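Let me give you the structure first, and then I'll get to my questions.
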2 protein chains.
Amino acid sequence: MNKSAYHKLVERGIRPSAQRLAIMDYLLTHFTHPTVEDVYQGLHDEIPTLSRTTVYNTLHLLAERNAVQMITIDDRQACYDGNTAPHVHFFCKKCGKIVDLMDEDVPTFKLPKTVHGHVVDEVQLYYKGICSECANMK
Amino acid sequence: MNKSAYHKLVERGIRPSAQRLAIMDYLLTHFTHPTVEDVYQGLHDEIPTLSRTTVYNTLHLLAERNAVQMITIDDRQACYDGNTAPHVHFFCKKCGKIVDLMDEDVPTFKLPKTVHGHVVDEVQLYYKGICSECANMK
DNA sequence: ATGGGTGCAAAGGATTTGCAACATT
DNA sequence: AATGTTGCAAATCCTTTGCACCCAT
C-alpha cells in the first residue's frame, strides 16, 4: 500500500477508512484515467464488500478536496486522475481512449486565482480528435 | 430566422430540414450554453412536434461537423455552444452556471494539428471553481 | 420507390438518493 | 451514545436504440 495515500487523505482532513485508502491508493498507482466502474472492478478482489456507492462517494469527496482530478472529457462518463498537477488530456472520439500529453507538447498554462471575481481552483485543458491508432486503421 | 443558420448547414453538407435549421438558429442566437433539454424546451412553441431524439441527433451531427461545440464541462450533462471559435469556459461547481471568458482574461492557446501522431481537431479549456455570486452569498 | 429524416416508446447506462446496518470515537 | 461511513436497493436522469412513419427527391 502506497504510504502517500494515507498522507493525501489526512492532509486534506479526510478520515482514512480502509475503503478510502484503497481508492486513493488505486488512483495513485493507476494513471489510466479510471472510471468509477474501473475503480470498483479493480478493487473488487482486495475488498469484496466494496460498493459502487462508496466509490462514488469517495471519488466525489477526493475531487472536492482536490486530492484527485475529475476528468469530464468524455461526455458519457466521468473519470479520475490521481495526478493533480495541471496537465493536458487528449480524447479519441473514435475509441474513447484518453492519453496524457507531456509538457513539451502543449502550450504552458497556469491557473489564475480569480477571473472576473470567479474563484478558479481547477483548470482542465482537453484536446479532442482521432488517435494515431484509429487514424491509421481507417 | 437567422440566415447564417442555413449557410452553416449547407456549407458543411448538412441537409437543411426545418428542425435542423431551427436548432442551428437557436444555437446561433442563444449563447447560454443550452443543454439538449434547453433546446427542446426553447423550440417547443415554434415546432410543437419536435422530439428530443431529433435534438440529440441534430446536435450530434452539428458537433461532428464542427458547426457547434459540445461542452463537457459539467459531468451531469453535455451542453452546446454555437460559438465555434476557441474560447474559455468557467464552470461554477456550486450553481452549475457556465460563463464565457474573454480573451483578455485568459492565456491564449491555439490548436495544434497533431500531437504525437494524434489528430487534434478541437480544444477545450475549462476553468472550474466558485462563481462570484455563489462566493458572496456564503 | 428510395433514402434520409423524424418521433415515439422502450431500453440502457451512469449517477444519486433513502435508509438501515456498521464502525469508530 | 453520537457521529460519520458504508452498502444495498430503488429511483432518477441523461442518452441511445429500434422501429415505423413521413417527406423529398
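In what follows, chains carry the letters A, B, and so on, assigned in the order in which the sequence lines appear, proteins first and then strands, with residues in each chain numbered from 1. All figures in this text were calculated on a predicted structure; none of them were measured in a lab.
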Self-check item: Contact pattern, 5' to 3', of nucleotides 7-16 of chain D - B, S or - by protein heavy atom under 4.0 Å
Solution: BBB----SBB

Quiz item: Looking only at atom types and distance, does a side-chain atom of A/Asn136 sit under 3.5 Å from a main-chain N or O of A/Ser132, one as donor and one as acceptor?
Solution: yes

Practice problem: May I ask you to check whether A/Tyr126 and B/Tyr126 place their ring centers less than 6.0 Å from one another? | Solution: yes

Quiz item: Below 4.0 angstrom, N of the basic side chain to O of the carboxylate: do A/Lys94 and A/Glu133 qualify?
Solution: no

Quiz item: Quick one: A/Arg15 CZ to C/dT24 P, roughly how many Å, whole number?
Solution: 11 Å

Quiz item: CD1 of B/Ile14 versus P of D/dA24: gap in Å, rounded?
Solution: 19 Å

Exercise. Check for a donor-acceptor pair, side chain of B/Ser51 on one end and backbone N or O of B/Thr54 on the other, with a separation under 3.5 Å.
Key: yes

Quiz item: Under 4.0 Å: is that the gap between some side-chain N or O of A/Ser17 and OP1 or OP2 of C/dA23?
Solution: no

Exercise. Taking only Lys NZ, Arg NE, NH1 and NH2, and the carboxylate oxygens of Asp or Glu, determine whether A/Lys93 and B/Asp121 approach each other closer than 4.0 Å.
Key: yes

Quiz item: In whole angstrom, what separates B/Leu9's CG from C/dG4's C1'?
Solution: 15 Å

Quiz prompt | Test item: B/Thr114 side-chain N/O and B/Gly117 main-chain N/O as donor-acceptor pair under 3.5 Å | solution = no

